[in-house]
Colleague: 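First the structure, then my questions, so here it is.
Note that these values count all heavy atoms, side chains included, but never hydrogens, waters or copies made by symmetry. In listed order, ligands and their atoms are each counted from 1.
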Amino acid sequence: MRTFDIKIPVVEARLDELTPAQRELVNEAIEATTRSYAPYSHFHVGAAIRLDNGETVSGSNQENAAYPSGTCAERTTCFYAHSRYPEARFETIAIAARGTDGELVADPISPCGACRQALLEYETLAGHDVEVMLVGRDRVFILPSVRSTLPFAFAEF
Ligand SMILES: [Zn+2]
């Protein structure tokens, strides 16, 4: 028997420390929060994915009165991205959220487990790490890959 640690390298950056490309994707995720349909939770989430064909796709959470029928912003976005551009591969994803006060959440938002698993599928398809940017009001967490957000992920291979 042995014990081992799983370490996840996280870069914490201020918004003004991001590269122009990172900042652009973060801004698209923030902008997508304004298109959220969240009449129940009032928690407005936006996501933006940059693809290797140069396109960027964004989406937001879409809730439903039959609660489980709605989808998170991350899955709205990754499913749309892959259905719109099935040949393209994901490069980077940014996720942002506004709380009930309408302001960006103070701490960087983190995807739920179902979204991590869904995003991992597209990282696997890409064949390379997909950078993940979790956006907060004053800082962004940058993770090197989707897999780093989901240790012991389910995989059918
Ligand atoms: Zn989710």
Side-chain angles (χ1 to χ4, degrees), residues 6 8-13 15 18 22 24-52 55-86 88-126 128-157:
I6 297 174
I8 303 170
V10 181
V11 174
E12 179 180 358
L15 292 172
L18 299 177
Q22 289 173 323
E24 182 181 331
L25 198 65
V26 164
N27 286 339
E28 291 201 37
I30 292 171
E31 200 271 336
T33 66
T34 65
R35 299 190 304 273
S36 154
Y37 177 66
Y40 307 104
S41 72
H42 305 287
F43 193 68
H44 304 276
V45 184
I49 296 172
R50 178 169 293 118
L51 303 170
D52 67 356
E55 296 289 337
T56 298
V57 173
S58 62
S60 56
N61 55 328
Q62 299 294 310
E63 295 181 353
N64 190 277
Y67 216 72
S69 301
T71 60
C72 302
E74 298 91 326
R75 274 179 287 160
T76 299
T77 307
C78 74
F79 293 155
Y80 176 66
H82 196 250
S83 60
R84 177 70 179 85
Y85 301 105
R89 298 297 175 245
F90 291 17
E91 294 287 336
T92 306
I93 180 167
I95 306 161
R98 294 181 194 277
T100 53
D101 61 1
E103 299 294 324
L104 281 179
V105 294
D107 293 322
I109 176 97
S110 190
C112 76
C115 286
R116 293 174 198 213
Q117 187 72 49
L119 290 167
L120 182 62
E121 185 95 9
Y122 298 105
E123 180 174 82
T124 302
L125 275 176
H128 57 73
D129 290 348
V130 173
E131 183 179 71
V132 179
M133 294 192 291
L134 309 177
V135 180
R137 190 176 304 146
D138 302 314
R139 60 189 177 145
V140 177
F141 290 161
I142 304 170
L143 294 106
S145 64
V146 175
R147 181 167 295 281
S148 70
T149 71
L150 192 62
F152 301 107
F154 173 76
E156 206 177 299
F157 44 85

Colleague: Return the set of residues passing side-chain hydrogen bond (donor to acceptor under 3.5 Å, both in side chains) with Ser110 (not counting sequence neighbours), or none when no residue passes.
Modeller: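 Ser110: side-chain hydrogen bond (donor to acceptor under 3.5 Å, both in side chains) contacts with Arg116.
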
Colleague: Is the shortest distance from a Lys or Arg side-chain nitrogen in Asp107 or Arg137 to a carboxylate oxygen in the other one below 4.0 Å?
Modeller: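 Arg137 and Asp107: not salt-bridged.
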
Colleague: I need the protein N, O or S atoms closer than 2.8 Å to the Zn ion (ligand 1), given as residue plus atom name.
Modeller: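 Less than 2.8 Å away from the Zn ion (ligand 1) sit Cys72 SG, Cys112 SG, Cys115 SG.
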
Colleague: Would you mind checking if Glu12 and Arg139 are paired as a salt bridge, meaning a charged N to carboxylate O distance below 4.0 Å?
Modeller: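 Salt bridge flag = yes for Glu12 with Arg139.
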
Colleague: Can you sort out the partners of Thr149 under side-chain hydrogen bond (donor to acceptor under 3.5 Å, both in side chains), two or more places apart, ordered by chain and number?
Modeller: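 For Thr149 there are no side-chain hydrogen bond (donor to acceptor under 3.5 Å, both in side chains) partners, ignoring immediate neighbours.
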
Colleague: Surrounding CD of Glu63 (heavy atoms of other residues, nucleotides or ligands, distance under 6.0 Å), is the total greater than 12?
Modeller: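 Enclosed: over 12 neighbouring heavy atoms sit under 6.0 Å from CD of Glu63.
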
Colleague: What residues form a ring pair (Phe, Tyr, Trp, His ring centres under 6.0 Å) with Tyr122, not counting sequence neighbours?
Modeller: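 In terms of ring pair (Phe, Tyr, Trp, His ring centres under 6.0 Å), with neighbours along the sequence ignored, Tyr122 is linked to His82, Phe90.
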
